[in-house]
Amino acid sequence: MFIVVLKGDPLVIQRLLHKFAEFVADNEPASLHLQEAACDCCRWPVDVLFDGRGNMYLHTGWEKFARYHDLEAGCVLTFSYLGEGDMSVKVFDETRCRRHYHGDTDEEDD
């Protein structure tokens, strides 16, 4: 699991943590499927870019995910890698309160 604090325009390409990029470096995925935590029904395909310097970015598909979840600067996202290119995402607003979407009933981490 890792945390990303959105700075600047949340709709533009987002860089993931270097440690996570190192973790998947042997099998650089072309895309990831982001899913809302505790919700198996909503999966967002997002293309991934690697810049050759060890950096990994969420690219095509990220803007759609960000708009749908009404992300803005100051939001905190927790990513949990589930394997096979799947990642669970929890969204917290600028006050650090968890946003719940759709069928998400996982309240233990609030």
Side-chain angles (χ1 to χ4, degrees):
M1 181 175 82
F2 60 92
I3 297 171
V4 172
V5 178
L6 297 178
K7 298 177 183 173
D9 185 354
L11 303 180
V12 299
I13 179 174
Q14 293 293 315
R15 185 168 63 99
L16 296 180
L17 293 183
H18 188 73
K19 287 279 190 187
F20 181 70
E22 287 178 349
F23 176 74
V24 297
D26 290 338
N27 183 30
E28 291 183 356
S31 66
L32 294 171
H33 289 94
L34 306 182
Q35 65 185 54
E36 299 163 10
C39 180
D40 293 330
C41 63
C42 300
R43 290 171 34 109
W44 302 86
V46 177
D47 290 343
V48 175
L49 297 176
F50 290 86
D51 67 3
R53 293 178 282 157
N55 295 314
M56 178 181 185
Y57 300 88
L58 297 175
H59 191 255
T60 306
W62 169 255
E63 181 179 350
K64 188 174 181 180
F65 178 87
R67 284 187 189 281
Y68 186 84
H69 292 89
D70 199 26
L71 300 182
E72 54 196 8
C75 283
V76 175
L77 307 178
T78 62
F79 291 87
S80 296
Y81 188 63
L82 305 173
E84 303 293 323
D86 292 330
M87 296 193 80
S88 174
V89 181
K90 291 182 182 179
V91 178
F92 298 83
D93 65 22
E94 65 281 346
T95 67
R96 306 307 184 246
C97 290
R98 168 104 183 270
R99 292 184 183 175
H100 291 277
Y101 300 95
H102 309 293
D104 182 358
T105 59
D106 177 21
E107 298 181 10
E108 65 189 47
D109 293 320
D110 291 350

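The chain is numbered in sequence order, starting from 1. FYI, side chains are in, hydrogens and waters are out, and symmetry mates aren't considered; it's all heavy atoms of this structure. Just so you know, these numbers come straight off a predicted model, no measurement behind them.
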Exercise answer: donor-acceptor pairs, residues 17-25 side-chain atoms, under 3.5 Å, sequence neighbours excluded:
from	atom 1	to	atom 2	distance (Å)
H18	ND1	G54	O	2.9
H18	NE2	E22	OE2	3.1

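- The closest side-chain heavy-atom distance from L32 to W44 is not below 4.5 Å.
- For E28, there are no salt bridge (charged side-chain N to carboxylate O under 4.0 Å, His left out) partners at least two apart in sequence or on another chain.
- By the side-chain hydrogen bond (donor to acceptor under 3.5 Å, both in side chains) test, D47 is found to be paired with no residue, residues two or more places apart in sequence or in another chain being considered.
- Taking Ile, Leu, Val, Met, Phe, Trp and Tyr as hydrophobic and joining them when side-chain heavy atoms fall under 4.5 Å apart, one finds L49 in a cluster with I13, Y57.
- With sequence neighbours left out, the side-chain hydrogen bond (donor to acceptor under 3.5 Å, both in side chains) criterion links D93 to T95.
- A salt bridge (Lys or Arg N to Asp or Glu O under 4.0 Å) check over residues 53-64, counting only residues at least two apart or in different chains, returns the pairs D51-R53, E63-R67.
- Q14 pairs by the side-chain hydrogen bond (donor to acceptor under 3.5 Å, both in side chains) definition with nothing, not counting sequence neighbours.
- Under the 4.5 Å side-chain criterion, counting only non-hydrogen atoms from C-beta, F65 is not in contact with L58.
- Between R98 and V91, every side-chain heavy-atom pair lies at or beyond the 4.5 Å cut-off.
- Counting heavy atoms from C-beta on, the side chains of L34 and F79 come closer than 4.5 Å.
- The shortest distance between side-chain heavy atoms of M87 and F2 falls below 4.5 Å.
- E84 places none of its side-chain heavy atoms less than 4.5 Å from the side chain of P29.
- The side chain to side chain contact (heavy atoms under 4.5 Å, CB included) check on V76 picks up I3, V5, F92, R96, with sequence neighbours excluded.
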